[in-house]
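This report concerns only the one structure given below.
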Amino acid sequence: MEAGAMKQAIHLIQSDGKDLTLSTADVAQHLGSARNPLILEFQSPAALRIGRGVLRHFTRLIEDKRANRREQRIDAMMDGMLDLDPFDEAEAGIDVDNAEIRTRFLEEFPVLTSAAIHARAGHTSKNAAQTAASWKRAGRILSLSYRGRDLFPAFQFDADGRPWPLLKEVLATLPQDLTSWQRAFWLVAEDFRLDGRKPIDLIQTGDRSVLEAARHAGALPIG
């Protein structure tokens, strides 16, 4: 929560998107329940408008920074797990769970680099990252972030090195709040809506019944 003083009123800019204008007598009660309030003073309505925009952007940057740090912690844990028992129950906590399941995934399912995708597709341009980047940008494939680079599950590509035609539509149908890792997990997990079959198997055969399952895919607890 942030506050800016103008005349005898205090304008509260709240993280939930609801702004309040209070008298100085009431502001202490509201600030008392705020978590780490940032108090600023704006000298004019114009300054307040500018400040509101800056502070909203600042809040989003903080959330992005937290998410990036979480990814870095998980990557570090995965480095230590690749040569260890991935089912080690001595570890605890959500970050460890994420690292564990991601490590198992990488051990079970082959992944490709951008350069490998470029070569398998038969492209000869010097920019080896261009093919994967273009397909990812178009929503035709997904990538998994690991140790600061993108890896691409090999099951997304046919024998000619091109994305399965139905995959783009499936990825667009999945709930938008699923992470790339959760999407990858869903693609290779048995689904009761598909009579126990795996979504990727139906995608590879062009079976469009997979779209209904994708539409109802629930958020996974980790990933």
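The chain is numbered in sequence order, starting from 1. Just the heavy atoms: all of them, side chains too, but no hydrogens, waters or symmetry mates, feed the values below.
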Checking Leu187 against Leu142 for the side chain to side chain contact (heavy atoms under 4.5 Å, CB included) test, could you report, in this order, the C-alpha distance in whole Å, the side-chain angles of both residues, the deciding distance, and whether it holds?
CA-CA 11 Å; Leu187 286 170; Leu142 62 79; 3.9 Å; yes

Between side-chain atoms of residues 133-141 and protein atoms elsewhere (two or more places apart, or another chain), which donor-acceptor pairs fall under 3.5 Å?
unit_1	atom_1	unit_2	atom_2	d
Lys136	NZ	Ser143	OG	2.8
Lys136	NZ	Asp150	OD2	3.1

Residue pair Leu112, Leu151: steps toward the side chain to side chain contact (heavy atoms under 4.5 Å, CB included) verdict:
CA-CA 6 Å; Leu112 304 172; Leu151 299 176; over 6 Å; no

Could you pull out every donor-acceptor pair under 3.5 Å between side chains of residues 158-165 and any protein atom, sequence neighbours left out?
unit_1	atom_1	unit_2	atom_2	d
Asp158	OD1	Asp160	N	2.9
Asp158	OD1	Gly161	N	3.1
Asp158	OD1	Arg162	N	3.0
Trp164	NE1	Phe155	O	3.1
Trp164	NE1	Phe157	O	3.4

Tell me every residue that passes salt bridge (Lys or Arg N to Asp or Glu O under 4.0 Å) with Glu169, counting only those two or more places apart in sequence or in another chain.
Arg208

Rounded to the nearest 0.5 angstrom, the CG-CD1 distance for Leu211 and Ile203 is 8.5 Å

Within this structure, what is the CZ-OH distance for the pair Arg102 and Tyr146, rounded to the nearest 0.5 Å?
11.0 Å

Would you check, one step at a time, whether the test side chain to side chain contact (heavy atoms under 4.5 Å, CB included) holds for Phe152 with Leu144?
CA-CA 6 Å; Phe152 303 85; Leu144 303 175; over 6 Å; no

Here the pair of heavy atoms bringing Ala217 nearest to Trp186 is CB-NE1, 3.6 Å

Can you tell me how far the OG atom of Ser209 sits from the CG atom of Leu202, to the nearest 0.5 Å?
4.5 Å

All salt bridge (Lys or Arg N to Asp or Glu O under 4.0 Å) counterparts of Arg149, not counting sequence neighbours
none

Please test Ile101 against Arg104 for side chain to side chain contact (heavy atoms under 4.5 Å, CB included), starting from the C-alpha separation and ending with a verdict.
CA-CA 5 Å; Ile101 194 170; Arg104 294 203 302 271; 3.9 Å; yes

Residue pairs involving residues 191-203 (criterion salt bridge (charged side-chain N to carboxylate O under 4.0 Å, His left out); sequence neighbours excluded)
Arg197-Asp207

Show me the donor-acceptor pairs within less than 3.5 Å that the side chains of residues 114-123 make with the rest of the protein, sequence neighbours left out.
unit_1	atom_1	unit_2	atom_2	d
His118	ND1	Thr131	OG1	2.7
His118	NE2	Ser125	O	2.9
His118	NE2	Ser125	OG	3.3
His123	ND1	Thr131	OG1	2.7

Counting N and O atoms only, with roles assigned by atom type, does the side chain of Gln156 sit under 3.5 Å from a partner on the main chain of Pro153, one being a donor and the other an acceptor?
yes

